[in-house]
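For reference, the structure is listed below as structure tokens.
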Amino acid sequence: GNQKAPHSGNSQGKKSQHAEEAIFYMNCRAAYLTVFKSSLENIKSKEQLSLVLQQAGRNPSQKTINKYWTSQTTSLNFDDFCAILKKEKPATKNELLEAFGKIDTDKAGYILHDELCKILTTRGDKMTWEEVTTITNQADFNCSGKLDYNKFCELYLTTSEQCCKAARDRLETDPRLRQQHFGNQTENFSEGISLPVSKPSPRVSRKTDHKLPKADSRAPSRPSSAPSSKASTSSTVTVGASSSSSTKLIVEPDTMKEWQHAECRGCFYLEEDGEIISHKYRLHLPQRSALCVTIRPFTIPQAERKSCHWLSVDTALFILKENETQENLQLVSFTELQNKEVFGWRGELGAGVYWLLPFTTGCRLRKVKTQISGEAKLVWRDEDGELALTKEFRAALLEIFETIDLDGNGLLSLEEYNFFELRTSGEKCDQEAWAVCKENFEMKRNELTRQGFLDLNLMEANDQDGDPWDLWVTLLSLGYNKALEMTEACPFVIDVCAERCKPRIKAIALEAGGSQLSRAVCRSVLNKGEAKVLDGSENIFIYTYRSGSRITSVIENKSENKVIIHVNNEQSKNCLNNRGLTVFAVEVAPKSMMVSQHVMALNEQEEWIYSCVHSLV
């Protein structure tokens, strides 16, 4: 009994420590999402750092800000923010009273307004007279030209706590914020999910089933920094160098040469907050047929001689069946076969309408910090003073043309051009405006040619008298950086081959995947992945599935209560995940499931080990 007592106390202490950590991370999330749309969004200035720290109940001095934002700092992420909060504790009442006590040498409990103004406007982080007057005008702690600093400290701490509480309440009552923080949407089993609907472009307008293959069953010991919790489970998968490029899928075997094809291009675009949007498609099959469906990054002919970042981006395609009411989509299958950069699916589908939802994990299509020496020049003036497009800008525009030419016929239809317009300006071109384009720019069969597209952009440069601002808005919204490199977009091509009929595929939207895609990803992992129950918690399951070059884990919460799961990847080797964090926590709603993370090899030429511990907070 004497031996067990210390162990029991130890366990209670660990539980208490774990509960404190859960509260700490909740406060971090709440404060961060008060300032930013998503925890995937980075802090990009000293002002933003100061503001988000204030939302977390801190009152950082300029010295404190400079400590974490040096001349070399370009951005800080959510992980950095949490680390700063651990170091910078909120001021206590005793600390505040001690600071005021150094001014109030008579220990009277009051400080004259004139003396306070002199100190606050001449020492430390100097305040303006207006800011000091705002403080001294507060009747709650001011009287007869003196400040009652004891009351001031009480109000300061109360206001700070109210600020933090308001942020927590907002996070608690707004499920959208919780989903944005986690970078995934949850699926509620009891709710029907409607079809995706179009939303306005986020850009500013220019004009104003199987076990894990090759899984290593060894479970590593818990990392020292992983929180000790009442329930946990670990998963380990070892993948050999370059083994992720399976040879299961033969792109076009001899038996498929006589099959009928339908091809369509599209693109993934990375938003400022880390969200990924893409084209979505409808596939129509007039009769039952054997099919082969593939998706791969698109090799743009004009860009073959240069390094193309997007060719290393992972792609996948989820096939969903449309029902009569169109209120819900049922997952049929997804492209789990792989041959190098091509992902595919083979099977048989009945006659009807299907949705094709492109997907990428975000492991490789993500915000990156790159040093660009200078801004590329877009236009120049010839000897006669006439504006012309630079060679580099023309090349970028021809790349863009290939990307937005969805049917690949070398011309832009009004429908194709409107996807471009919605992405870059948020506006659509109507038939009347298209007729004006036809009068001014080269067209064939009522579709815009490459030269017509180049001339249209030259006209825009002339409209702005050579000012490239609007041209850059277009380029940045299409994933280009200031060196004219496409780093935040990934063009792809979808190919559908049918044995018995002519398939028809059509792009119908350009938007985020939404709940339909999230549901499909989760379902695919539940159907194909290896399930583990969290030790000590019979209602929480972790599913892990390896599909070609990626590993995805999904958390299913069958309980009646929301849970917080701590995820630790510190024992993984040569890996990167879609969250950009080694250790993080996720909140899973009752009776729901969500993606915990997607993981890929950092360097596919070397062995990589996925080793993750999921712990219940």
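We number each residue from 1, following the sequence as shown.
In this structure, the side chains of F541 and L526 stay at 4.5 Å or more apart for every pair of heavy atoms. Within the 4.5 Å cutoff, no side-chain heavy atoms of H309 are placed close to those of M486. By the 4.5 Å heavy-atom criterion applied to side chains, M594 and N557 are not counted as neighbours. Side-chain contact between M593 and Y543: absent, with no pair of heavy atoms (C-beta onward) separated by less than 4.5 Å. Side-chain contact between T315 and T335 is absent, with no heavy atoms from C-beta onward closer than 4.5 Å. Between V583 and E570, some side-chain heavy-atom pair lies under the 4.5 Å cut-off. Inter-residue side-chain proximity for P358 and Y281 is flagged as met; some heavy-atom pair is nearer than 4.5 Å. Residues S553 and Y610 are in side-chain contact: their nearest non-hydrogen atoms beyond the backbone lie under 4.5 Å apart.
Judged by distance alone, with hydrogens and angles left aside, the side-chain atoms of S547 form no donor-acceptor pair with the main-chain N or O of R550 at under 3.5 Å. S592 places a side-chain N or O within donor-acceptor distance of the main-chain N or O of A589, the cut-off being under 3.5 Å. In terms of modelled atom types and a separation under 3.5 Å, the side chain of R58 and the main chain of L85 share a donor-acceptor contact. Between the side chain of K562 and the main chain of V588, no donor-acceptor pair closer than 3.5 Å is present. Not a single donor-acceptor pair under 3.5 Å links the side chain of K93 to the backbone N or O of E154. Formation of a donor-acceptor pair under 3.5 Å by the D80 side chain with backbone atoms of N77 is found in this model. In terms of modelled atom types and a separation under 3.5 Å, the side chain of N569 and the main chain of T582 share a donor-acceptor contact. A side-chain donor-acceptor contact under 3.5 Å links S477 to the backbone of V473. The backbone N or O of S611 lies less than 3.5 Å from a partner atom in the side chain of S572, making a donor-acceptor pair. With hydrogens and angles disregarded, no donor-acceptor distance shorter than 3.5 Å links the side chain of E275 to the backbone of E271.
Separation of atoms SG (C575) and CG (L602) is listed at 8.5 Å; rounding is to 0.5 Å. In this structure, S537 OG and I565 CD1 are separated by 7.5 Å, a value rounded to the nearest 0.5 Å. A distance of 12.0 Å separates CG of L317 from OG1 of T360, quoted to the nearest 0.5 Å. A distance of 12.5 Å separates CD in E341 from CG in D314, rounded to the nearest 0.5 Å. Atom NE2 of residue H598 and atom OG1 of residue T552 lie 4.5 Å apart, to the nearest 0.5 angstrom. In this structure, K573 NZ and Q571 CD are separated by 6.0 Å, a value rounded to the nearest 0.5 Å.
The pair R364-E604 counts as a salt bridge, with a side-chain nitrogen and a carboxylate oxygen less than 4.0 angstrom apart. A salt bridge does not link E556 to R523: none of the charged side-chain nitrogens sits closer than 4.0 Å to a carboxylate oxygen. K482 and E375 are joined by a salt bridge, as a carboxylate oxygen and a charged side-chain nitrogen come within less than 4.0 angstrom of each other.
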Self-check item: Test side-chain contact (heavy atoms from CB on, under 4.5 Å) applied to H614 and H566, step by step
Solution: CA-CA 6 Å; H614 286 84; H566 186 277; over 6 Å; no
Practice problem: Show the numbers, then the answer: is there a side-chain contact (heavy atoms from CB on, under 4.5 Å) between S615 and V613? | Solution: CA-CA 6 Å; S615 307; V613 178; 3.6 Å; yes
Exercise. Go through the steps for S518 and S515 under the test side chain to side chain donor-acceptor pair (under 3.5 Å), then give the verdict.
Key: CA-CA 5 Å; S518 178; S515 56; over 6 Å; no
Self-check item: E607 vs T238, side-chain contact (heavy atoms from CB on, under 4.5 Å): CA-CA, chis, key distance, verdict
Solution: CA-CA 7 Å; E607 178 185 78; T238 301; 3.5 Å; yes
Quiz item: Passes side-chain contact (heavy atoms from CB on, under 4.5 Å), L76 versus W69? Steps please.
Solution: CA-CA 8 Å; L76 296 170; W69 194 282; 3.9 Å; yes
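A side-chain donor from one of T70 and T73 sits under 3.5 Å from a side-chain acceptor of the other. If you check the side chains of N578 and T361, you find no donor sitting under 3.5 Å from an acceptor. Side-chain contact of W355 with Q516: a donor-acceptor pair under 3.5 Å is absent, judged by distance alone.
The minimum heavy-atom distance between C153 and L97, with the atom names listed, is SG-CD2, 3.9 Å. When every heavy atom of A31 is checked against every heavy atom of V52, the shortest pair comes out as O-CG2, 3.9 Å. Closest approach of V595 to R579, counting heavy atoms only: O-NH2, 3.4 Å. Residues A396 and Y480 share a closest heavy-atom pair of O-OH, 3.5 Å. For the pair S524 and F318, the tightest heavy-atom approach, listed with the atom from each and the gap, is OG-CE2, 3.6 Å. Closest approach of Q597 to C612, counting heavy atoms only: NE2-SG, 3.4 Å.
Within a 6.0 Å radius of CD in E161, more than 12 heavy atoms belonging to other residues, nucleotides or ligands are found.
Annotation: salt bridge (Lys or Arg N to Asp or Glu O under 4.0 Å) contacts of K67 (sequence neighbours excluded): E88.
Under the 30°/60° scheme for interplanar angles, the aromatic rings of Y545 and F334 are found to stand perpendicular. Between F78 and Y32, the ring-plane angle classifies as perpendicular under the 30° and 60° cut-offs.
Exactly one of F268, F359, F298 qualifies for a ring-ring contact (aromatic ring centres under 6.0 Å, His included) with F492. That residue is F268.
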